[in-house]
Amino acid sequence: MVMHFLLLLLLAVSTVAADEEPFIGVNIGTDLSDMPHPTQTVALLKAQQIRHIRLYNADSAMLTALSKSGIQVAISVPNEELLAIGQSNSTALNWVSRNVLAYYPSTNITSICVGSEVLTTLPNAAKLLINALKYIHSALVESKLDSKIKVSTPLPSTIILDSFPPSQAFFNTSMNQVLIPMLDFLQSTQSYLMLNIYPYFDYMESNGFIPLDYALFKPLPPNKESIDSNTLLHYSNVFDAVIDAAYFAMSYLNYTNIPVIVTETGWPSKGSSNEPDATLDNANTYNSNLIKHVLNKTGTPKHPGIGVSTYIYELYNEDKKPGALSEKNWGLFDSNGVPVYVLQLTNSGAVLANDTKNETYCVAKDGADPKMLQAGIDWACGPGKVDCSPLLQGEPCYDPDNVVAHANYAFDAYYHQMGKSTKSCDFNDMATISTSNPSHGSCIFAGSLGRNGNAPEPSPNFMDSHSSAYELRIRSLLIVIGLLIWGGVVLL
């Protein structure tokens, strides 16, 4: 009982807050046999409206290409340079001069990642990590850039032990000699804890204990969610549970105001025979749900409404990466800039709407009021002059016979009829633009036909050849009722 009270108290007094809107960024690796030129990469970033990237080094050509792009850049001190910097303040000053001052502010460098997963990949260098962080920060102070550029180091989530339930999580105590001074540094410099989170590996290593849907952010009924028995918080995905585990682990060491930023996460789109869940569909599902989760500022059960900025691993498939087949297939794009898959996005503000064929659709919003959707259908199929004959019984788009599916067709047909104008996909805030093709079976939506968006001649008699007189009377009555409801809503 006392432990339960203390945990609830920790939850109540946590002061983590978001200084800015959460963002989605991407990591850019370079282990490609045909690495695109930096100017091509920047052009791709702009086309995809990616405003945040993380580099694994401080490549001169890339930093030059990013000049005046406005893209916010996290650069890195590679692990192989860490020893020299951690042993010499002057080496750190020189590094900042060559890799930051030479490009800033034209290139919008916002953070420096000092090493990557040093505690687990270079344990012998771990003691020098704190020196390296402090020396790099001191160099920024000397250049009066310490308030503009954060300094931190990406950590693997594996340093958190007993991560579920999150309220019982704690850092590997054998690393406290480094972790505690590191957390002191992050708190004193108002920086953030950088964490690499890979639900794919958590799922693969759980031997069936973690359900696939739980790893992929798929919606779960309440009885399928995981419950923290100490706090009674419900968890519907691995990502949130790991983030909260990090917050609880920090709170046990009395650090309650260091925000978490996720420097790597993703899902591979291809794997070998012993990696059956590394598929295009699962990669699309994970990253699409991740983007919506972050940008909707869902937050975590411990910190609801506080979005966690996240970098997706990664921009390109890296065919030269060693290891398993999946290691080469984490990318969102091939080296030629073609999407590996088209993300299933709505409400993302066009961030990573990686639709190079300009295929967009207007569909019903999740959770939209069915009565409002029916009113929208009736308006589109009436005054909107949409040909809704495919929705009639026996026609290609009748099934599934529900208001959401029918609204998707009617809304999208009107949207394309009006030249894909953003304003034409509103329907009293019941609709949204999506890059996910809603076509199914023989029901083909306008956008997937390659139409140019020119408005067709309206067909006032679109039901004549498909309906009986009785069906026409019923349909007409529904349209009138829909118009009355729609008009009433608009007047309100």
Under the 3.5 angstrom rule, does the side chain of S188 hit a backbone N or O of F185 as a donor-acceptor pair?
-> yes
Flag for T279-D281: side-chain donor and acceptor within less than 3.5 Å | no
Is a side-chain N or O of E117 found less than 3.5 angstrom from the main chain of P154, in a donor-acceptor match?
-> no
Could you grab the distance from atom CG of D146 to atom NZ of K150, nearest 0.5 Å is fine?
-> 9.0 Å
Is T121 close to N79 at the side-chain level, that is, under 4.5 Å between some pair of heavy atoms?
-> yes
Can you find a side-chain donor-acceptor pair between T300 and Y235 that sits under 3.5 Å?
-> no
Locate the shortest heavy-atom distance separating S167 from Y252; write the atom from each residue and the value.
-> O-OH, 2.6 Å
Go through the side-chain N and O atoms of Y316 and T41 and say whether any donor and acceptor fall under 3.5 Å apart.
-> yes
When rounded to the nearest 0.5 angstrom, what is the spacing between CG in N317 and CG in N329?
-> 4.5 Å
Hey, are the side chains of S67 and T107 touching, using non-hydrogen atoms and a 4.5 Å cut-off?
-> yes
To the nearest 0.5 Å, atom CG of N57 lies from atom CE of M62 at 9.5 Å
Worked verdict on L183 versus F171 for side chain to side chain contact (heavy atoms under 4.5 Å, CB included) = CA-CA 12 Å; L183 293 170; F171 290 122; 4.2 Å; yes
Donor-acceptor pair, side chain of Q168 and main chain of P165, under 3.5 angstrom = no
Tell me, with the steps shown, if D31 and K328 meet salt bridge (charged side-chain N to carboxylate O under 4.0 Å, His left out).
-> CA-CA 9 Å; D31 283 345; K328 309 174 192 296; over 6 Å; no
List the steps, then state whether side chain to side chain contact (heavy atoms under 4.5 Å, CB included) holds for L155 with M182.
-> CA-CA 11 Å; L155 300 172; M182 185 195 74; 3.5 Å; yes
Polar side-chain atom of S106 near backbone of Y103 as donor-acceptor pair, under 3.5 Å | no
May I ask you to decide if the ring planes of Y247 and H303 are parallel, tilted or perpendicular, using 30° and 60° as cut-offs?
-> perpendicular
Can you find a pair of side-chain heavy atoms, one from M194 and one from C113, that are under 4.5 Å apart?
-> yes
Looking at W267, Y341, Y313, which one forms a side-chain hydrogen bond (donor to acceptor under 3.5 Å, both in side chains) with N287?
-> Y341
What pair of heavy atoms forms the shortest contact from S191 to P259, and how long is it?
-> O-CD, 3.7 Å
If we only count heavy atoms from C-beta on, is the Y200 to E275 side-chain gap below 4.5 Å?
-> yes
The reported gap from CG in N237 to NE2 in H293 (rounded to nearest 0.5 angstrom) is 5.0 Å
When N196 is tested against each of N27, T158, T263 for side chain to side chain contact (heavy atoms under 4.5 Å, CB included), which residue passes?
-> T263
In Å and rounded to the nearest 0.5 Å, what is the CD to CG distance from Q187 to L193?
-> 12.0 Å
Verdict with supporting geometry, F427 and F411, ring-ring contact (aromatic ring centres under 6.0 Å, His included) = CA-CA 8 Å; F427 290 89; F411 293 178; 4.0 Å; yes
Under the 3.5 angstrom rule, does the side chain of N296 hit a backbone N or O of K292 as a donor-acceptor pair?
-> yes
Should the pair F217 and F239 be assigned to parallel (<30°), tilted (30 to 60°) or perpendicular (>60°) ring geometry?
-> tilted
Aromatic plane relationship, F201 with W330 - under 30° parallel, 30 to 60° tilted, over 60° perpendicular = tilted
Trace of the side chain to side chain contact (heavy atoms under 4.5 Å, CB included) decision for N408 with Y361 = CA-CA 9 Å; N408 286 346; Y361 306 87; over 6 Å; no
Give the intermediate values and the outcome of side chain to side chain contact (heavy atoms under 4.5 Å, CB included) for residues F333 and L315.
-> CA-CA 6 Å; F333 296 88; L315 186 65; 3.8 Å; yes
With a 4.5 Å heavy-atom cut-off, do M204 and S326 have their side chains touching?
-> no
Sidechain-backbone polar pair: N172 side chain, S174 backbone, donor-acceptor under 3.5 Å | yes
More than 12 heavy atoms of other groups within 6.0 Å of E225 CD | yes
Output yes when a side-chain donor or acceptor of N428 lies under 3.5 Å from a complementary backbone atom of M430, and no otherwise.
-> no
Would you check if there is a donor-acceptor pair between the side chains of D184 and Y255 at a distance under 3.5 Å?
-> yes
Drop me the distance from F445's CZ to C362's SG, to the nearest 0.5 angstrom.
-> 10.5 Å
Would you indicate whether the side-chain heavy atoms of I28 and M35 approach each other to under 4.5 Å?
-> yes
Shortest non-hydrogen contact from S309 to V294?
-> CA-CG1, 4.5 Å
Do you know which two heavy atoms are closest between Y135 and A92, and how far apart they sit?
-> CB-CB, 3.5 Å
Counting N and O atoms only, with roles assigned by atom type, does the side chain of S152 sit under 3.5 Å from a partner on the main chain of Y192, one being a donor and the other an acceptor?
-> yes
Quick one: are L195 and I261 in side-chain contact, heavy atoms under 4.5 Å?
-> no
Shortest non-hydrogen separation from V100 to I109 and the atoms involved = CA-CD1, 4.0 Å
Would you find a donor on one side and an acceptor on the other, under 3.5 Å apart, between the side chain of D426 and the backbone of D429?
-> yes
Are K148 and Y104 in a cation-pi setup, meaning NZ or CZ lies under 6.0 angstrom from the ring centre and within 45 degrees of the ring axis?
-> no
For residues L66 and S69, report the shortest heavy-atom separation together with the two atoms involved.
-> O-OG, 2.6 Å
Give a yes or no on this: more than 12 heavy atoms of other residues, nucleotides or ligands lie within 6.0 Å of atom NZ of K321.
-> yes
Test item: S76 and R54 side chains (from C-beta on) under 4.5 Å apart, heavy atoms | yes
